[in-house]
Q: 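Have a look at the structure that comes next, please.
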Amino acid sequence: MDERKVASGRRRLDPFTTLVPFGAILALCALFILFPEKSTAALGAIRSLLGDTFGVYYLIIGLGVLVASLWISFSPIGKITLGKPGEKPQYRFWTWGAMVFTCGLAADILFYSLCEWIYYAQEPRVAELGSIQDWASTFPLFHWGPTVWSFYATLAACFGFMLHVRGVQKQKYSEACRALLGRQTDRAPGRIIDVLAVAALIAGTATTFSVATPLLSSALTTLVGVPSSKYLTIAILAVTCLVYTAAVLKGIKGVSWLANACMGLFGALLLYVLLFGGQARYIIETGFSALGNMLQNYIGLSTWTDPLRTSSFPQNWTIFYWAYWMVWAVASPFFMGSISRGRTVKQVILGTYVFGVSSTLVSFIVLGNYGLGLQMMGKFDALGLYAACGDLYETVIAILGTLPCHQIVLALLVLAMIAFYATSFDSITLVASQYSYREFRPEEEAGQKMKLFWAILLILLPIALIFSEGSMNNLQTVSIIAAFPLAAVIVLIIASFIKDAKAYLREMDRS
């Protein structure tokens, strides 16, 4: 009996969506490690073509998906229950929201919350618009706000409908396009979509690991005095991999427990900075002003392309963030849709905005405005330190060092970053594992060996990028390249969902 089950499992595996990405990742790792300079030059050339020449493509899709999400929510489609009509939600709102937030954001939210204002303070575009006080606090809220979360919210509803209403047995990106592709879903077009999705997934994980892990390494170095090196960073990656692998092997219960623990650590870090940093009034007032500034200028910020390239700000930042979240939209919304059984389409979309956007913006308001306040009030010259040392991670640690009992803050930061990595990557590993099967029922779980395979695979490219000493520009480029074809697939999925949902409503009216 066991032998028959094993044989059946092997027949159900999809080697195309497993082995092709595996081979591609091994090849990329080899190129990044053996030819770092040439691979950097190649990435730069491709980025110039996609991000600079076709940058408006990303901006149009970003704004279009945001508008589509609101239209879907308040149309008859928004009333569809993901499951049987009248079915109750599978998880309480807090537990559901914690998993939504933590699966969608890794430790990069803490890194960018602490330092993104420093980037913007040096941007010519900020000088063109006005003061650092007004705009270095506004742009982080814009770049991490409703537009990027609209990718997650809309696709979570699409995948939730596919899983819980239509009850499909193929948990793949291509399956969400079946209403439009028809039989082509099982042929070359569908196969191409699935490979693109897995490639984008790996690119997204590589980017976030490579960007934020050095901050974790610097925090540990400061806490325990271990010399900082790329090998320490790789050791941290390995430990993080062990944590999220242990959680993912326990299934959804392990993911849920980690998500709640992560939210607790995250909340403790924010409260400590707000209550004991001595700048609560400045943090709250600057955050409130930045929210108003963002809302007043949202359309202009979303559509500005800098045609004369006076600063290339949208190419360097806005387009990167839209692309960054598009590649993450492969796995995170799939997981969000899978845990949304019993909620309506409207509840999933608006609930994602309420929990995801609000939690994200609070992080940037508290952590970002703390450092900005030190700078603007002349208490600590973070911009001067960054200009002198050229090390953003060292600058962030120095900012945190101004807090009372800063060792507590660093310890919370280390634990929160590991928890964020673990909660986001265990959910991604679950989805990627399910992707490797030809057929997969919603109530099933992937095999332990398949989970382990993906847990290890997802860590390989980040390690290679660390060895190649890829700059921030290189890491951004990986996402921009992967998102270019995927953006069109996202539009296809949403259009397919709208068509299928309308057909479902007609079926309900006839029954």
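Please read these numbers as outputs of a predicted model, since none were measured by experiment. Quick note: residue numbers are just sequence positions, from 1.
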Q: Determine the sole option in Lys84, Arg341, Gln90, Glu87 for which the side-chain hydrogen bond (donor to acceptor under 3.5 Å, both in side chains) test with His164 is passed.
A: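 Checked Lys84, Arg341, Gln90, Glu87 against His164; only one passes side-chain hydrogen bond (donor to acceptor under 3.5 Å, both in side chains): Arg341.
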
Q: Is Arg178 paired with Asp500 through a side-chain N to carboxylate O contact shorter than 4.0 Å?
A: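 Salt bridge flag = no for Arg178 with Asp500.
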
Q: Between Phe159 and Phe334, how do the two ring planes meet: parallel, tilted or perpendicular, split at 30° and 60°?
A: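 Correct class here is parallel.
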
Q: Under 6.0 Å between ring centres: does that hold for Phe364 and Trp117?
A: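 Between Phe364 and Trp117, the centre distance exceeds or equals 6.0 Å.
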
Q: Does the Lys NZ or Arg CZ of Arg125 fall within the cation-pi geometry relative to Trp304 - under 6.0 Å from the ring centre and within 45° of the axis?
A: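 Yes, Arg125 sits over the ring of Trp304.
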
Q: Using 30° and 60° as the class boundaries, would you call the ring planes of Phe484 and Tyr57 parallel, tilted or perpendicular?
A: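 Tilted.
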
Q: Any sub-3.5 Å donor-acceptor pair from Asp306's side-chain atoms to Thr310's backbone N or O?
A: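 Side chain of Asp306 to backbone of Thr310: a pair is present.
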
Q: In terms of the angle between their ring planes, are Phe355 and Phe101 parallel, tilted or perpendicular, with boundaries placed at 30° and 60°?
A: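 Ring orientation of Phe355 relative to Phe101: tilted.
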
Q: Quickly, which of Glu116, Glu123, His143 forms a side-chain hydrogen bond (donor to acceptor under 3.5 Å, both in side chains) with Trp317? Name it, please.
A: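 Exactly one option meets the side-chain hydrogen bond (donor to acceptor under 3.5 Å, both in side chains) with Trp317, and it is Glu123.
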
Q: Holding to ring-ring contact (aromatic ring centres under 6.0 Å, His included), I want the full list of residues that pass it with Phe288, two or more places apart in sequence or in another chain.
A: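 Listed in chain order: nothing, the list is empty.
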
Q: Salt-bridge test for Arg510 and Glu507: reply yes if a basic N is under 4.0 Å from a carboxylate O, no otherwise.
A: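 Looking at Arg510 and Glu507, the cut-off is not met.
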
Q: Mind checking side chain to side chain contact (heavy atoms under 4.5 Å, CB included) for Leu295 and listing every partner two or more places apart, or none if nothing turns up?
A: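 Checked Leu295 against side chain to side chain contact (heavy atoms under 4.5 Å, CB included); zero matches.
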
Q: Check the angle between the aromatic planes of Trp135 and Phe139 and answer parallel, tilted or perpendicular using the 30° and 60° thresholds.
A: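 Taking Phe139 first and then Trp135, their aromatic rings sit tilted (interplane angle of 30° to 60°).
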
